[in-house]
Amino acid sequence: MKTLFFNIKELVQVRDSSIMKVQGKEMKNLPTIKNAFLVVENEKITDFGSMSDLQNFNADQVIDSRGHMILPAWCDSHTHIVYAGNRESEFVDRINGLTYEEIAARGGGILNSAKKLEESSEQELFEQASQRIKEVMRLGTGSIEIKSGYGLSLEAEVKMLKVIKMLKDTYAMNIKSTFLGAHAFPAQFKEKKEDYVDLICEQMIPEVARQNLADFIDVFCEVGYFDVNQTEKILKVGKTHNMIPKIHVNQFNSIGGIEVGVQCGALSVDHLEVMEPNDFETLKGSQVMPVALPSCSYFLGIPYTPARKIIDEGLPLALATDFNPGSTPSGNMNFVVSTACIKMKMTPEEAINAATINGAYAMGLSKSCGSIARGKDASLIIYKDIPSLNFIPYAFGSNLIDKVMIKGSFI
Ligand code: NIG
Ligand code: FE
């Protein structure tokens, strides 16, 4: 099946396929072609260029894209979309004055979701997560990372990862899976935390690896959760089982987790709402992708990741949703891009780079998505007739998407 889009008002994020990520000042540059064509064959982009270079109109499907901008689909590198039920009562508790940390200390938070997950079957979890996957695809997401971490026992963690595998096998979008057994300490391990770390290292990681259920390993490195030594130990054991480290770090406190992430060769360090001067220095010279989650800051009313400083220091930055029932019940990358511009003072070009090419890097997917390049996935957002690129973050409450294509098929 060959599809030709012609008369495209502007084809955005056109890059050589060798570009894996962009950082510092380069993030302000978003290459585009005005009045363009784009050829899709089966799942892939096979050609594109200026209309003046279009040789012929031979294709099974020819689409006049006059007035439409086309972008690569969003790459959401951090989500927890497999979960049971919701936590809207905690949302009301926070309105009434409790903090996220206070709710967690009372046995709510992650442990609340773990209890709900334990009571749900694989099929129920799959059905709930499917609704969320379908919703985010309609919102323009073409690649996504999904974490476990609401199981917190060998059995329940494997159940979650199997649901992620079912999603991978069912939906066309790229799905990467992350083992996050180190998301919180189960109540029965409150007084013997090292035993839970041992359970993760000695039983969970080997079993998850044996069943080949995780691409990445993640830890919530935070006061009251996993300290730096526990984090390092878990990431290292994960690495010996071929899981690439990622890390939840500096959400509420800076406790040295970024250093551990960098030392362990993490692909990304995520959250970063609280950054000390030495944290920026640690990131420099590393290959790690910092990831900001502005809709989490929005929802919890916590500080936003200092994106301006990160980029002005010459570092890269990716944007992701953190879609989960506690801190971000939303998988809307359009809102993330707008919020990054409005609250974190990223330019539209920077935010779009962060949500596409850099998000792809944070999932190890730069070779297949995140930009318009020959050989990459034909996962595209086709916009309604909007005046300019700036309109995308500017009109933050409007649905500007006309159509979404995931790997060559309209959804
Ligand atoms: O990334 N910070 C840790 N984990 C999630 C929230 C999990 C939850 O509250 O259910 C996050 O924000
Ligand atoms: Fe998260």
Side-chain angles (χ1 to χ4, degrees), residues 76-91 93-94 98-118 120 125 128-129 132 144-152 156-157 160 164 176-186 216-227 231 234 245-255 257 261 266-274 289-305 318-331 333 336 359 362-363:
D76 187 355
S77 66
H78 181 140
T79 83
H80 312 244
I81 66 162
V82 174
Y83 59 84
N86 285 293
R87 306 224 298 268
E88 64 271 31
S89 62
E90 293 180 8
F91 168 62
D93 290 342
R94 282 194 301 102
L98 287 180
T99 65
Y100 179 80
E101 289 128 306
E102 284 164 349
I103 292 166
R106 296 197 315 183
I110 294 166
L111 296 184
N112 181 357
S113 286
K115 190 166 177 292
K116 289 187 165 83
L117 186 124
E118 201 184 344
S120 309
L125 291 170
Q128 291 184 29
R132 298 176 196 124
I144 199 165
E145 179 262 13
I146 310 174
K147 299 172 198 297
S148 69
Y150 293 121
L152 310 181
E157 283 294 311
M160 278 191 87
I164 301 174
K176 288 282 190 178
S177 61
T178 301
F179 170 61
L180 177 59
H183 199 189
F185 287 96
F216 306 123
I217 175 123
D218 197 344
V219 177
F220 186 16
C221 180
E222 183 56 63
V223 175
Y225 294 82
F226 294 80
D227 67 24
T231 301
I234 294 165
K246 277 175 158 283
I247 182 169
H248 279 73
V249 77
N250 290 43
Q251 183 174 7
F252 301 105
N253 300 280
S254 172
I255 58 171
L267 185 58
S268 71
V269 286
D270 302 31
H271 272 289
L272 314 179
E273 289 88 342
V274 176
M289 177 61 68
V291 179
L293 309 163
S295 44
C296 173
S297 297
Y298 174 84
F299 188 72
L300 292 185
I302 63 174
Y304 286 86
T305 301
L319 289 168
T321 62
D322 199 12
F323 196 172
N324 76 75
S327 71
T328 323
S330 161
M333 282 294 284
V336 164
M363 289 185 274

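Just follow the structure's listing: the first ligand is 1, and inside any ligand the first atom is 1.
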### Task
Verify, without hydrogens or angle tests, whether E222 (side chain) and N253 (backbone) share a donor-acceptor contact under 3.5 angstrom.
yes
### Message
Could you walk me through whether R94 and F299 satisfy the side-chain contact (heavy atoms from CB on, under 4.5 Å) test, starting with their C-alpha distance in whole Å, then the side-chain angles of each, then the deciding distance to 0.1 Å, before giving a yes or no?
### Response
CA-CA 10 Å; R94 282 194 301 102; F299 188 72; 2.9 Å; yes
### Closer than 2.8 Å to the Fe ion (ligand 2) - protein N, O or S atoms, ordered by chain and residue number
H78 NE2, H80 NE2, H248 NE2, D322 OD1
### Task
Just say parallel, tilted or perpendicular for the rings of F323 and Y83, cut-offs at 30° and 60°.
perpendicular
### Member of K147, H78, Q251 meeting the side-chain hydrogen bond (donor to acceptor under 3.5 Å, both in side chains) criterion with D322
H78
### Task
Flag yes if more than 12 heavy atoms outside Y298 fall under 6.0 Å of its OH atom; otherwise flag no.
no
## Note on the structure
Chain-and-number sorted residues having a heavy-atom contact under 4.0 Å with ligand 1 are H78, H80, R87, Y100, I110, Y150, H183, F220, H248, Q251, H271, D322, N324, G326, S327
### Task
Report the distance from atom CD1 of I217 to atom CG of L267, rounding to the nearest 0.5 Å.
13.5 Å
### Message
Ignoring hydrogens, what is the shortest heavy-atom contact between R106 and D93? Give both atom names and the distance.
### Response
NH2-OD2, 3.5 Å
### Task
For E118, look at atom CD and say whether over 12 heavy atoms of other residues, nucleotides or ligands are found less than 6.0 Å away.
no
### Message
Counting the benzene-type ring for Trp, do F185 and F226 have ring centres under 6.0 Å apart?
### Response
yes
